[in-house]
Structure formats: structure tokens, C-alpha cells
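Computed from a predicted model, the values in this text were never measured in an experiment. Below, all heavy atoms of this structure are taken into account, side chains as well, without hydrogens, waters or symmetry copies.
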Amino acid sequence: MLQVIANNMNENISKNSTEEQPGWFKSNVDSSSLDLVLAVQQPSLNPWDVVLCVSGTIIACENAIVVAIIFYTPALRTPMFLLIGSLATADLLAGLGLIVHFVFLYCLRSEVVGLVTVGLLVASFTASVSSLLAITIDRYLSLYNALTYYSERTVTRTYIMLILTWAVSICFGLLPVLGWNCLKDISMCSIVKPLTKNNLIILSISFFMVFGMMLQLYMQICKIVCRHAHQIALQRHFLATSHYVTTRKGISTLAVILGAFAICWLPFAIYCLMGDYTYPSLYTYITFLPAIYNSMINPVIYAYRNQDIQKVLWTVCCSCFSKKLSFRSRSPSDV
């Protein structure tokens, strides 16, 4: 009899320890999807959410500096820098969205604000990818129509691209807020709750279309760069090695730009098409983090490498800021 009671006590202790053991990723269906809205109960602190919040803080700080530089420097308000400013603004909002998501998930719980945060993240990341496409188009046109690039038509085209970029992004961001979510039917959820599977498929297909257009444009840019480098080498009687070095440098820069974009976003876009809400959220975090880090490296690739922005940064750091800074006219191909 005592042996039976002891066995029952051991089973109960083992069961309780199993139930109370905290884990990052549970195997049940309800917690398999990455939950960007509020759960019914107070969630335990997820280290992956902490990583998202810290990453969002770094992203927000990086891009806030770029936005401030472009906004407070009149000489940088050219079409090229307007597009870079649009990219920095989108990434800034993405970073703020990650911070707000963490705050309202663990501190100030509100389902309505949770949906708004999801919409903000969708809109900001969509605007970020769209801004990258707009920058690519601007670079291509600056090389293809070099003689007519500095004209009123370029300014008009830039504003049209900005309007389209943010209009489409805001529309995608409003979809979860206006009711296209899976809060009432979990079987419709994607790997990112509360986005539906169909919603995420549309976003993924849109990404692949943008990536295909960028790939095609950068291939055309490579051809133009090679042709221009060859013509300059012939006119100035450069050596073949000099022509090879110049061409290789230009193509390497384009490869880094496109490669970084592909490495960051392709895993998540592919997983969005293949996964569903029953998959462990670990896979979602692993593929989603590189996509977030794209917003972290965008300022380095598109802003901090620019000599004019570097000049403003050095001037501010030296505490000798002057509004009469001299800037050399630069084309998008220099950025």
C-alpha cells in the first residue's frame, strides 16, 4: 500500500514539474505561430522577443540619425536623398514597431494596440522593401538617362514613387486592423499571428516580384557600368588592369547590395509560403530575425557610405556645425 502511494506521489511530482517547466517554444498548436497579438494569459518573458526589442532599438537609433541629417540639411533634399530618407523612415518605423510590440505585449496589454502594432510592422517593412526598389530604379535611370537626370522630370518621378510606395504600404498595413486577421479562426492563421495565411502569401509574392525587378535592374546596371568603364578606359588610354579593377569594384558593390537584401529577406519569404500556424515558432524567429537585420544594415549601405552624409556627421561630432556646408553634386550611382 505504501509503495502504491509513493508511486502516485512520484507521478504527480513528475507531471507538475513538466507542466511548470518554462520553455521558449511549446509544442501545442496555439503557441506554434509567432504571436504578435496578446495572449489570454500574461505570457512569460520570451528571450526571442527581447532580441527583437533590442534589435528594434538599434534600428530606430541608426535610422533616426539618417532622417535627422537629411531633414536638417537643405543641401541633401535632392531626389536621391529623398529616397534614402524614405528608406530610413520606413526602417525607423519598423524599429519603433518592434519596441511598441514588446511594451504592449509584456507591460501595457491592449488587443487593439496590438493589432495597430502589427499593421505598423507590416506597413513599415513593406515601405522598406518598396523604397529599396525605388532606389534601384533611380540608380538605373541615373545611368541610363545621365544627360536628363538632373531635371524637373526626375523630381516629379521621385515624388510619384514615394507616393506609390507609402500608399501601397499603408494599404497592406491596414488590412489586419480592418478585420483581415485570424483572431476568430485560428485555422486561418499563418506563421505570424494574427496575419492570415492568404495575407502572408500575398506579401511574399509581392516580395518575390520586387526582388525579381531589382535583380533585373541591377543586371542592367552592371552592363551599363561595364560599358562606361570600357569607354572611359579607351578615351583616356587606361591600362586593361585599371579597367578591370574599376569594373570589378562597381560590380562588387552591386553584388553586396543585392546579396545582403537576398540573404536577409529570402529565408523568411520562402518560409512564409511553406509554413503554417502548426509549425514551431522557433523557425519563424530564425527566419524573421535576418529580415529585421536588413533594416539595421540599410543605413550602412545606403546612407553612412555617402560622403556628404559622412561630412555632416563629422561636422556634428566636431561641434562645428554650419549650414553653409559645401556639397559636391553626386548621382545615385555614387551612393
Side-chain angles (χ1 to χ4, degrees), residues 34-38 43 45-72 81-132 134-135 162-163 165-178 181 192-195 199-200 203 207 260-261 264-265 268 284-285 287-304 309 313:
L34 173 58
D35 196 347
L36 292 182
V37 293
L38 304 175
L45 186 62
N46 189 335
W48 287 98
D49 288 330
V50 176
V51 174
L52 292 181
C53 182
V54 173
S55 301
T57 304
I58 298 174
I59 291 170
C61 294
E62 276 185 328
N63 290 279
I65 295 174
V66 178
V67 173
I69 290 175
I70 295 177
F71 182 80
Y72 287 105
F81 285 106
L82 288 177
L83 294 175
I84 294 177
S86 173
L87 174 63
T89 302
D91 290 334
L92 170 62
L93 293 176
L96 293 176
L98 292 173
I99 298 173
V100 173
H101 158 66
F102 182 86
V103 171
F104 281 92
L105 183 63
Y106 293 101
C107 303
L108 305 173
R109 300 172 57 76
S110 172
E111 184 175 291
V112 176
V113 179
L115 282 174
V116 173
T117 303
V118 173
L120 174 62
L121 289 173
V122 172
S124 57
F125 283 120
T126 303
S128 178
V129 174
S130 301
S131 296
L132 290 175
I135 291 174
L162 289 175
I163 293 173
T165 293
W166 286 97
V168 172
S169 301
I170 292 174
C171 288
F172 277 126
L174 288 176
L175 292 179
V177 181
L178 296 180
N181 55 64
V192 180
K193 188 178 179 181
L195 298 181
N199 191 351
L200 211 57
L203 292 173
F207 165 79
F261 177 71
C264 291
W265 275 104
F268 183 68
T284 306
Y285 281 114
T287 55
F288 186 49
L289 277 177
I292 292 174
Y293 291 152
N294 183 245
S295 297
M296 190 180 297
I297 65 177
N298 279 339
V300 179
I301 295 177
Y302 293 94
Y304 293 129
I309 291 181
L313 282 174

Heavy-atom donor-acceptor pair, Ser131 side chain to Ala127 backbone, under 3.5 Å: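 Answer holds: yes.
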Pairwise side-chain contact, Leu120 with His101, heavy-atom cut-off 4.5 Å (strictly under):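 Not touching, per the 4.5 Å side-chain cut-off.
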Minimum side-chain heavy-atom gap Phe125-Trp265 below 4.5 Å: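 Yes; the side chains approach each other to less than 4.5 Å.
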Minimum heavy-atom distance [X]-[Y], with the two atoms named:
X: Leu115; Y: Val177; answer: O-CG2, 3.5 Å
X: Leu121; Y: Ala94; answer: CD2-O, 3.6 Å
X: Ala134; Y: Leu83; answer: O-CD1, 3.8 Å
X: Val118; Y: Pro194; answer: CG2-CD, 3.7 Å

Between [atom1] of [X] and [atom2] of [Y], what distance do you get to the nearest 0.5 Å?
X: Phe268; Y: Tyr285; atom1: CZ; atom2: OH; value: 11.5 Å
X: Ile84; Y: Thr89; atom1: CD1; atom2: OG1; value: 11.5 Å
X: Leu132; Y: Leu87; atom1: CG; atom2: CG; value: 5.0 Å
X: Ser86; Y: Ile163; atom1: OG; atom2: CD1; value: 11.5 Å

For Asn199, side-chain contact (heavy atoms from CB on, under 4.5 Å) partners two or more places apart: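 Expected list: Leu175, Pro176, Trp180, Leu195, Thr196, Leu203.
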Plane angle bin for Phe207 and Phe261 - parallel if under 30°, tilted between 30 and 60°, otherwise perpendicular: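 Answer is tilted, since the angle falls between 30° and 60°.
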Set of residues satisfying ring pair (Phe, Tyr, Trp, His ring centres under 6.0 Å) with respect to Phe102, sequence neighbours excluded: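 By the ring pair (Phe, Tyr, Trp, His ring centres under 6.0 Å) rule, Phe102 matches Tyr106.
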Pairwise side chain to side chain donor-acceptor pair (under 3.5 Å) hits with a residue in residues 114-128, at least two apart: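 Side chain to side chain donor-acceptor pair (under 3.5 Å) check on residues 114-128 returns Asp91-Ser128.
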Less than 3.5 Å apart, which donor and acceptor atoms pair up between the side chains of residues 53-66 and the rest of the protein, not counting sequence neighbours?
| residue | atom | partner | partner atom | Å |
| --- | --- | --- | --- | --- |
| Ser55 | OG | Val51 | O | 2.8 |
| Thr57 | OG1 | Cys53 | O | 3.0 |
| Asn63 | ND2 | Ile59 | O | 2.8 |
| Asn63 | ND2 | Ser295 | O | 3.4 |

Side chain to side chain donor-acceptor pair (under 3.5 Å) against Thr165, all qualifying residues, sequence neighbours excluded: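 Result, side chain to side chain donor-acceptor pair (under 3.5 Å) vs Thr165: none returned.
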